Amino acid sequence: MSISKSIPVSFQLNGVRRSVDAAPDTRLSDILRDGFDLTASKVGCGIGRCGACTVLMNGRAVNGCLVMAWQIEGAEIISPEGLDIIPFAQILKDSLSEENAFQCGYCAPGFTMALTALFLDNPNATQPDILAALEGNICRCTGYHSIMRGAQRAAHRLRAAKAVADLGDHLP
Ligand code: FES
Ligand code: FES
């Protein structure tokens, strides 16, 4: 709990302009869960080790438990509930689902957001890129193989979709 004085904070949340009054050191994960009832991202460790709280901030994956209220002024935040704003979200979700990527599902939102940030940055992501992007996310159930299969399936589809789009750009 914070004893700091609240400050007004305005930011974009899942495509909608939002404002809250919060102590500067309030965690983004708490703002999402307590302030907006957005509970898809989880708080596991609370110290930046597990990735369960991963959300997008200005297109990059961040740990919601390490981002403080004062840092989100003017930022664009996307939580797992807003994932469909991202054009390829369905491809990613379908790919993970088809490979039965998750078991209990606790880690799923964090992995999904981390992969979203990766594919936003690099639509041609390779297996080493995927491994690097997921190094901050922990899963206690799967042994990671199914998650990697799902991620690679998504990467394959996104590469194919990009190739078709690039081809279209070169057609008369
Ligand atoms: S709860 Fe944020 S990294 Fe674990
Ligand atoms: S599926 Fe249970 S923690 Fe990952």
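Order of appearance sets the numbers: ligands from 1, and atoms from 1 within every ligand. Numbers for residues simply follow the sequence, beginning at 1. Here the structure is a predicted model, which is why all the values come from computation and not from measurement.
Within the listing of ligand 2, atoms 1 (S), 3 (S), 4 (Fe) sit less than 4.0 angstrom from a heavy atom of C107. Near R49, with a cut-off below 4.0 Å to any heavy atom, the atoms of ligand 1 are 3 (S). Close approach of ligand 1 to G46 (heavy-atom distance below 4.0 Å) involves ligand atoms 1 (S), 4 (Fe). The G105 neighbourhood of ligand 2 comprises atoms 1 (S), 2 (Fe), with distances under 4.0 Å to a heavy atom of that residue. Counting atoms of ligand 1 from 1 in the listed order, those under 4.0 Å from a heavy atom of C65 are 1 (S), 2 (Fe), 3 (S). Near G44, the atoms of ligand 1 lying under 4.0 angstrom from a non-hydrogen atom of the residue are 1 (S). The G48 neighbourhood of ligand 1 comprises atoms 3 (S), with distances under 4.0 Å to a heavy atom of that residue.
Counting only distance, with no hydrogens or angles, the side chain of E81 and the backbone of T39 share a donor-acceptor pair below 3.5 Å. Checking side-chain atoms of R159 against main-chain N and O of A125 turns up a donor-acceptor pair under 3.5 Å. Judged purely by atom type and a 3.5 angstrom limit, E73 uses its side chain to pair as donor or acceptor with the backbone of S10. Distance alone, capped at 3.5 Å, places no donor-acceptor pair between the D21 side chain and the S6 backbone.
Among the backbone and side-chain atoms of C50, an N, O or S atom lies under 2.8 Å from atom 4 (Fe) of ligand 1. With a cut-off of 2.8 Å, atom 4 (Fe) of ligand 1 has an N, O or S atom of C45 in range. Among the atoms of C141, an N, O or S atom falls under 2.8 Å of atom 2 (Fe) of ligand 2. Residue C104 counts as close to atom 2 (Fe) of ligand 2, with an N, O or S atom under 2.8 Å.
Counting only heavy atoms of the protein, atom 1 (S) of ligand 2 lies nearest to Q103 N, 3.2 Å. Considering only non-hydrogen protein atoms, atom 3 (S) of ligand 2 sits nearest to R140 N, 3.3 Å.
For the residue pair D94 / S97, no side-chain donor-acceptor distance below 3.5 Å is found, with atom types taken as modelled.
By the neighbour-count criterion of 12 heavy atoms within 6.0 Å, atom CZ of R60 is sparsely surrounded, having that number or fewer from other residues, nucleotides or ligands.
The aromatic rings of F119 and F88 stand perpendicular to each other, their planes meeting at an angle above 60°, with 30° marking the opposite boundary. F11 and F36 have perpendicular rings, their planes meeting at more than 60° on a 0 to 90° scale where under 30° would count as parallel.
One distance of note links OG1 of T112 with CG of L96; it measures 5.0 Å at 0.5 Å rounding.
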